[in-house]
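What follows is a set of notes on a single structure, which appears directly below.
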2 protein chains.
Amino acid sequence: MQDILFDFISKYVTLTEDEKNAILSLNIFHSVKKGTILLKEGQKSKESYFVLKGCIRAYYISDGEEKTTSFYTEMEGFTPPCVVSKTPSEYYVSCIEDTILTISNSDMEAEVNSKFPKFETICRLMAEELLAKQRIDFDAFKTSSPEQRYLNLLQKRPDLIQRVPQQQLASYLGITPQSLSRLRARIIEKSKG
Amino acid sequence: MQDILFDFISKYVTLTEDEKNAILSLNIFHSVKKGTILLKEGQKSKESYFVLKGCIRAYYISDGEEKTTSFYTEMEGFTPPCVVSKTPSEYYVSCIEDTILTISNSDMEAEVNSKFPKFETICRLMAEELLAKQRIDFDAFKTSSPEQRYLNLLQKRPDLIQRVPQQQLASYLGITPQSLSRLRARIIEKSKG
DNA sequence: ATAACTCTTTCACTTAAGTTAAGAAATGAT
DNA sequence: ATCATTTCTTAACTTAAGTGAAAGAGTTAT
């Protein structure tokens, strides 16, 4: 299981056995059931997540409505904004499938960072890469219609459309479930000619 | 002028005089005229920007249309995605006002990072903070209408509405210039009662 | 197995954004 | 200062998303 994590890290830096053991000794691997809530609104947290298997969802509640902002699946990591800003969380994080993930603590990371500067490099590179990736996603979102966004998702992350409930998907696409349903019907109609 | 930069950095770490001099010796301060294009589509670049005074804009061209994705003003930094991904740029970056900024090179940064680990920490913290901030902006964009987005911008960055041409602002808000114009008229109409 | 719930689809109606076109205002160049 | 070009606004029309309501599918619990 941990091999998935080390394979991922190897994209950024090469680790010695000592360094790998330092990570393993932290006991960060967890297996959680579908529906588990990892973080609630108002909570203070220092935890970051990295999904090895399964899917977690970030959302917030506004006017009694769940607004789904992101999904993280295999090989994707997520540090909730509240961990960075050190303020109570505005977001919920929950597992929409049985999930295996690592949960790491920012204090713990700070300690590892100072012992092994290489980790700081990993974190910096990952943050920079995610920033660029998110920038591109944001720009694509801005410049396209709901229909284009759905088609784009179908191309880029077809798995999500299978494994995620429609209403969460609709919210993720910035539209209502009704619009998503209608939009899909329209696409099928078009493809028939 | 450089004090602006050091004041900014002091939010993240405390620098010694030696460290400050190391930065100054790199000769990163530049003054550029309105309209100057800092980065073009297709170009390979390793340059990051930090605005001390003025405003720069990132955009790309699709179907002959400029799509404005972001503005950076005083105390804001920007590393184009192409620098991170090491591929030719999809974006243009230009100055919409006479601007004073720092332009730094990623090779240079790597060297400084290895000499002064503190810099790596600055870069990591900045990237993490920007990532969280951008996440929040993205989520707000997704869950609000063009009108709400305009009103939100009016609150959060009223200066942009003054200093940026309408068509660039419209594109930034993900709508057409006509819609922005109409939407503003609607808001004024409402405020009259 | 069935009842209770939740999720998804469909419909009719309202509202606002995209589109095309034309006129008004602002900007820049000579 | 004038003219030309670009930018911004207004209008009429088309298209699609939001809303509220209700029916059909799919789940879960008892």
Side-chain angles (χ1 to χ4, degrees), chain A residues 33-37 55 57 59 61-68 71 92 94-98 140-154 160-192, chain B residues 33-36 55 57 59 61-68 71 94-98 140-154 160-192:
Chain A
K33 279 255 160 296
K34 172 176 176 175
T36 306
I37 294 185
C55 182
R57 170 175 76 111
Y59 60 100
I61 295 180
S62 147
D63 309 321
E65 295 249 308
E66 281 188 8
K67 312 275 189 178
T68 296
F71 299 102
Y92 291 79
S94 79
C95 303
I96 66 171
E97 299 173 359
D98 290 352
F141 189 95
K142 259 188 196 174
T143 56
S144 53
S145 66
E147 183 170 328
Q148 289 172 316
R149 297 197 295 251
Y150 177 79
L151 291 169
N152 185 47
L153 192 67
L154 205 56
L160 276 191
I161 289 167
Q162 299 309 319
R163 66 210 283 191
V164 165
Q166 297 296 307
Q167 52 172 1
Q168 291 175 16
L169 207 58
S171 173
Y172 178 67
L173 291 169
I175 58 178
T176 60
Q178 292 92 325
S179 291
L180 176 56
S181 187
R182 178 168 44 194
L183 172 166
R184 297 173 74 189
R186 198 165 60 225
I187 289 170
I188 292 167
E189 200 49 45
K190 274 184 197 167
S191 70
K192 280 188 199 159
Chain B
K33 278 255 161 296
K34 173 176 175 173
T36 306
C55 182
R57 170 175 75 110
Y59 60 99
I61 295 179
S62 149
D63 310 320
E65 295 248 310
E66 280 187 10
K67 312 276 188 174
T68 297
F71 299 101
S94 80
C95 302
I96 67 171
E97 299 172 0
D98 291 353
F141 189 95
K142 260 188 195 173
T143 57
S144 53
S145 67
E147 185 171 326
Q148 288 172 316
R149 295 196 299 250
Y150 177 79
L151 290 171
N152 185 45
L153 192 68
L154 205 56
L160 277 191
I161 290 168
Q162 299 308 318
R163 67 208 285 191
V164 165
Q166 296 295 309
Q167 51 174 354
Q168 292 175 16
L169 207 58
S171 173
Y172 178 67
L173 290 169
I175 58 177
T176 60
Q178 292 91 325
S179 290
L180 176 57
S181 191
R182 177 167 44 193
L183 171 166
R184 295 174 75 189
R186 197 165 59 223
I187 289 170
I188 292 168
E189 200 49 44
K190 275 184 197 168
S191 70
K192 280 188 200 161

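Here is how names work: the chains are called A, B, and so on, in the same order as the sequence lines, proteins then strands, and each is numbered from 1.
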(request) Provide, to the nearest angstrom, the distance between the CD atom belonging to B:Q168 and the P atom belonging to C:dT27. (result) 14 Å
(request) Using whole Å, report how far CD of A:Q148 lies from P of C:dA17. (result) 17 Å
(message) Walk me through whether B:T68 and B:V164 qualify under side chain to side chain contact (heavy atoms under 4.5 Å, CB included).
(response) CA-CA 11 Å; B:T68 297; B:V164 165; over 6 Å; no
(message) Tell me the interatomic distance from A:Q166, atom CD, to D:dG26, atom P, rounded to whole angstroms.
(response) 13 Å
(message) In this structure, how many angstroms lie between the P atom of D:dA16 and the OH atom of A:Y150, rounded?
(response) 17 Å
(message) What's the closest nucleotide to the side chain of B:Q178 if the choices are C:dC7, C:dT20, C:dG18?
(response) C:dT20
(request) Test B:I187 against B:L154 for side chain to side chain contact (heavy atoms under 4.5 Å, CB included), laying out the working first. (result) CA-CA 12 Å; B:I187 289 170; B:L154 205 56; over 6 Å; no
(request) Would you mind telling me which of C:dT9, D:dA17, C:dA17 lies closest to the side-chain atoms of A:R182? (result) D:dA17
(request) Could you tell me the separation between the CG atom of A:L180 and the OH atom of A:Y150, rounded to the nearest 0.5 Å? (result) 6.5 Å
(request) Starting at atom CD1 of A:I161, determine the distance to atom P of C:dC7, rounded to an integer number of angstrom. (result) 19 Å
(message) Return the CG to CZ distance between B:N152 and B:F141, rounded to the nearest 0.5 Å.
(response) 11.0 Å
(message) Does a side-chain N or O of B:S181 approach OP1 or OP2 of D:dC8 to a distance below 4.0 Å, or not?
(response) no
(request) Report the distance from atom CG of B:L183 to atom P of C:dT15, rounded to the nearest whole Å. (result) 16 Å
(message) Judged by each residue's nearest nucleotide on DNA chain C, which is more toward the 5′ side, B:E147 or B:K34?
(response) B:E147
(message) With a cut-off of less than 4.0 Å, is there a side-chain N or O of A:T176 near OP1 or OP2 of D:dG18?
(response) yes
(request) Tell me whether the OP1 or OP2 atom of C:dT9 has a side-chain N or O from A:R184 closer than 4.0 Å. (result) yes
(message) Under 4.0 Å from OP1 or OP2 of D:dA17: is there any side-chain N or O of A:R186 that close?
(response) yes
(message) For B:E97, give me all partners under salt bridge (charged side-chain N to carboxylate O under 4.0 Å, His left out), at least two apart in sequence or on another chain.
(response) B:R163
(message) Nearest whole Å is fine: how far is C:dT10 P from A:E189 CD?
(response) 11 Å
(request) Take B:Q167 and A:I175, find for each the nucleotide of DNA chain D with the closest heavy atom, and name the residue whose nucleotide sits nearer the 5' end. (result) B:Q167
(message) Rounded to whole Å, how long is the line connecting atom CD of B:E66 with atom P of D:dT6?
(response) 13 Å
